[in-house]
Q: 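One structure, pasted below without further comment.
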Amino acid sequence: IPLDKDMTPIENAKRYFERYNKLKRTYEALLIQRKETTEDINHLESISNSLYIAVNDTDLDMIKRELAESGYIKKGAGKNKNKKSNMPKSTYMHYISSDGFDIYVGRNNFQNDELTFKFASGNDWWFHAKKMPGSHVIVRTGGKELPDRTFEEAASLAAYYSKGRDQDKVEIDYVIKKEVKKPASAKPGFVVYYTNYSMMASTDISAIKQAD
């Protein structure tokens, strides 16, 4: 270890200790900044996915609201004071499996939270693309056991309404809804789960019936 000859051993030791503490603080700050940046990127990618599947002005307004509440844009940006109050309501996408089970798909992160934590029952099944932005997909079981075909169709919907829609297949995680949790202060649409099943699902949903 090189020492400064003009300083005493104690002064040299103190200088190295101060340098160590400074580097340690910088490293810890960078770890926090890196984590926050990664979370922001993931959040913005999920919003980009919501834009892709938006169908009306209400969907876009919900996305603007999320961007504003997250601090990405100023609140009120792009607000139209003359906007009509009878704008179509944004609702979950609704499909019916080949076996007659109702499948619901969130259009944006606010809907994803509502669909998973307010609409779904504890024993419904929850689907989501693995490690990529995408819609929450819920299958209402009504207390019944799901056939394999319904699992596959729900997984395909989760694959199609995800960032991986341009791929032939996407890996999908699925789990009983009661196993899905939302951490305190988590961003809209963000959840955690620790036990789950996975399957590869086709992104072709052309054969799945969409409800009126």
Q: Any Lys/Arg nitrogen of E45 or K163 sitting under 4.0 Å from an Asp/Glu carboxylate oxygen of the other?
A: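 Salt bridge flag = yes for K163 with E45.
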Q: Which pair of heavy atoms, one from F110 and one from M62, lies closest together, and at what distance?
A: CE1-O, 3.5 Å
Q: Taking atom CD1 of I10 as the centre, does the number of heavy atoms from other residues, nucleotides or ligands within less than 6.0 Å exceed 12?
A: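 12 or below, so no.
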Q: Could you label the plane-to-plane angle of the Y104 and Y92 rings as parallel, tilted or perpendicular, counting under 30° as parallel and over 60° as perpendicular?
A: perpendicular
Q: Do the side chain of K74 and the main chain of G71 share a donor and acceptor less than 3.5 angstrom apart?
A: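 Side chain of K74 to backbone of G71: no pair is present.
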Q: Are E153 and Y95 side-chain neighbours, meaning at least one heavy-atom pair lies under 4.5 Å?
A: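 Not touching, per the 4.5 Å side-chain cut-off.
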Q: Under the side-chain contact (heavy atoms from CB on, under 4.5 Å) criterion, do M93 and V55 qualify, and how do the steps go?
A: CA-CA 10 Å; M93 288 176 278; V55 296; over 6 Å; no
Q: Answer yes if M199 and Y197 sit in the same cluster of Ile, Leu, Val, Met, Phe, Trp and Tyr residues linked by side chain heavy atoms under 4.5 Å apart, and no otherwise.
A: yes
Q: Return the CD1 to CD1 distance between I103 and I138, rounded to the nearest 0.5 Å.
A: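 Answer rounded to 0.5 Å: 11.0 Å.
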Q: What are the two closest non-hydrogen atoms of R15 and P2, and how far apart are they?
A: NH2-O, 4.3 Å
Q: Donor-acceptor check, side chain of N123 to backbone of G143, threshold 3.5 angstrom: yes or no?
A: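 Not confirmed, N123 side chain does not pair with G143 backbone.
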Q: Look at E18 together with K22 and state whether they make a salt bridge at an N to O cut-off of under 4.0 Å.
A: no
Q: Has E171 got a side-chain atom pairing as donor or acceptor with S198's backbone, closer than 3.5 angstrom?
A: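 No, the answer is negative, given that no donor and acceptor are paired below the 3.5 Å cut-off.
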Q: Should F190 and E39 count as side-chain neighbours, where that means a heavy-atom distance under 4.5 Å?
A: no
Q: Is the gap between the ring centers of H128 and Y193 under 6.0 Å?
A: no
Q: Work out which heavy atom in V170 is nearest to a heavy atom in A159; give both atom names and the distance.
A: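 Minimum heavy-atom contact is CB-CB, 3.8 Å.
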Q: Test S46 against every option in N112, N108, N109 by the side-chain hydrogen bond (donor to acceptor under 3.5 Å, both in side chains) rule and name the one that passes.
A: N109
Q: Got a donor-acceptor contact below 3.5 angstrom from the D204 side chain to the S206 backbone?
A: yes
Q: Are any of the side-chain nitrogens in D113 or K182 under 4.0 Å away from the carboxylate oxygens of its partner?
A: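 Salt bridge between D113 and K182, a charged N being under 4.0 Å from a carboxylate O: yes.
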Q: Atom CD in E152, atom CD1 in I208: separation rounded to 0.5 Å?
A: 10.0 Å
Q: Could D173 and K131 be called an ion pair, given the rule that one side-chain N must be under 4.0 Å from one carboxylate O?
A: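 K131 and D173: not salt-bridged.
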Q: For a 4.5 angstrom cut-off between non-hydrogen side-chain atoms, does K144 reach F101?
A: yes
Q: Distance check, rounded to the nearest 0.5 Å: I32 atom CD1 versus T37 atom OG1?
A: 11.5 Å
Q: Mind checking whether I73 and L60 sit in one hydrophobic cluster, side chains of I, L, V, M, F, W, Y counted as touching below 4.5 Å?
A: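 Result: yes, single cluster for both.
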Q: Show your reasoning for whether side-chain contact (heavy atoms from CB on, under 4.5 Å) applies to F117 and V180.
A: CA-CA 9 Å; F117 298 107; V180 181; 4.1 Å; yes
Q: Search all heavy atoms of H94 against all heavy atoms of Q210 and return the closest pair with its distance.
A: O-CG, 3.4 Å
Q: Could you check if a side-chain atom of D61 sits within less than 4.5 angstrom of a side-chain atom of R65, using non-hydrogen atoms only?
A: no
Q: As an exercise, state the distance from OH of Y72 to CD of E66, rounded to the nearest 0.5 Å.
A: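 Here the rounded value is 8.5 Å.
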Q: Flag the pair D124 and K177 as a salt bridge only when some basic side-chain nitrogen lies within less than 4.0 angstrom of an acidic carboxylate oxygen.
A: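 The answer is no: the pair does not qualify as a salt bridge.
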Q: Any side-chain heavy-atom pair from I96 and D102 closer than 4.5 angstrom?
A: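 Sidechains of D102 and I96: in contact.
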Q: Parallel under 30°, tilted from 30 to 60°, perpendicular over 60°: which one fits the rings of W125 and F127?
A: tilted
Q: Taking C-beta and beyond as the side chain, do I53 and S135 meet within less than 4.5 Å on heavy atoms?
A: yes
Q: Hey, does W126 have a side-chain heavy atom less than 4.5 Å from the side chain of N196?
A: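 A side-chain contact under 4.5 Å is absent here.
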Q: Check the hydrophobic clustering (I, L, V, M, F, W, Y; side-chain heavy atoms under 4.5 Å; chains of links allowed) and say if I176 and V139 are grouped together.
A: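 Yes: a chain of side-chain contacts under 4.5 Å links I176 to V139.
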Q: Can any side-chain N or O of S156 pair as donor or acceptor with the backbone N or O of I205 at less than 3.5 Å?
A: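 Answer holds: no.
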Q: Would you say the side-chain atoms of S162 pair up with the backbone N or O of G164, donor to acceptor, closer than 3.5 Å?
A: yes
Q: With side chains defined as the heavy atoms from C-beta onward, is the minimum distance between H136 and V191 less than 4.5 Å?
A: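 Counting from C-beta outward, H136 and V191 do come under 4.5 Å.
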Q: Main chain of M7, side chain of E11: is a donor-acceptor contact present, judged purely on distance under 3.5 Å?
A: no
Q: For L23 and R19, run side-chain contact (heavy atoms from CB on, under 4.5 Å): C-alpha distance rounded to whole Å, both residues' side-chain angles, the deciding distance at 0.1 Å, then the answer.
A: CA-CA 6 Å; L23 291 173; R19 183 183 177 191; 4.2 Å; yes
Q: Quick check on the hydrophobic clustering: are Y160 and L115 connected, directly or via other members, by side-chain heavy-atom contacts under 4.5 Å?
A: no
Q: Indicate yes or no for a side-chain donor-acceptor contact from S48 to the backbone of L44 under 3.5 Å, with no hydrogens or angles considered.
A: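 Side chain of S48 to backbone of L44: no pair is present.
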Q: Count the heavy atoms of every other residue, nucleotide or ligand shown that sit under 6.0 Å from CD of Q33, and state whether that count exceeds 12.
A: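 No, because the 6.0 Å sphere around CD of Q33 holds 12 heavy atoms or fewer from other groups.
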Q: Output the distance between atom NZ (K178) and atom OG (S121), rounded to the nearest 0.5 Å.
A: 11.5 Å
Q: State the OG1-CD1 distance between T58 and I63, to the nearest 0.5 angstrom.
A: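 The distance works out to 11.0 Å.
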Q: For D168, is the CG atom crowded, meaning more than 12 foreign heavy atoms sit under 6.0 Å from it?
A: no
Q: Does NZ or CZ of R140 come closer than 6.0 Å to the centre of the six-membered ring of F119, within 45° of the ring's axis?
A: yes
Q: Inspect the surroundings of CG in D148 and state if more than 12 heavy atoms from other residues, nucleotides or ligands are less than 6.0 Å away.
A: no
Q: Begin with the C-alpha distance, continue with both residues' side-chain angles, and end with the deciding distance and a verdict on side-chain contact (heavy atoms from CB on, under 4.5 Å) for F151 and D99.
A: CA-CA 10 Å; F151 276 106; D99 302 292; over 6 Å; no
Q: Is Y52 reachable from M132 through a run of hydrophobic residues whose side-chain heavy atoms are each under 4.5 Å from the next?
A: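 Same cluster: M132 reaches Y52 through Ile, Leu, Val, Met, Phe, Trp or Tyr contacts under 4.5 Å.
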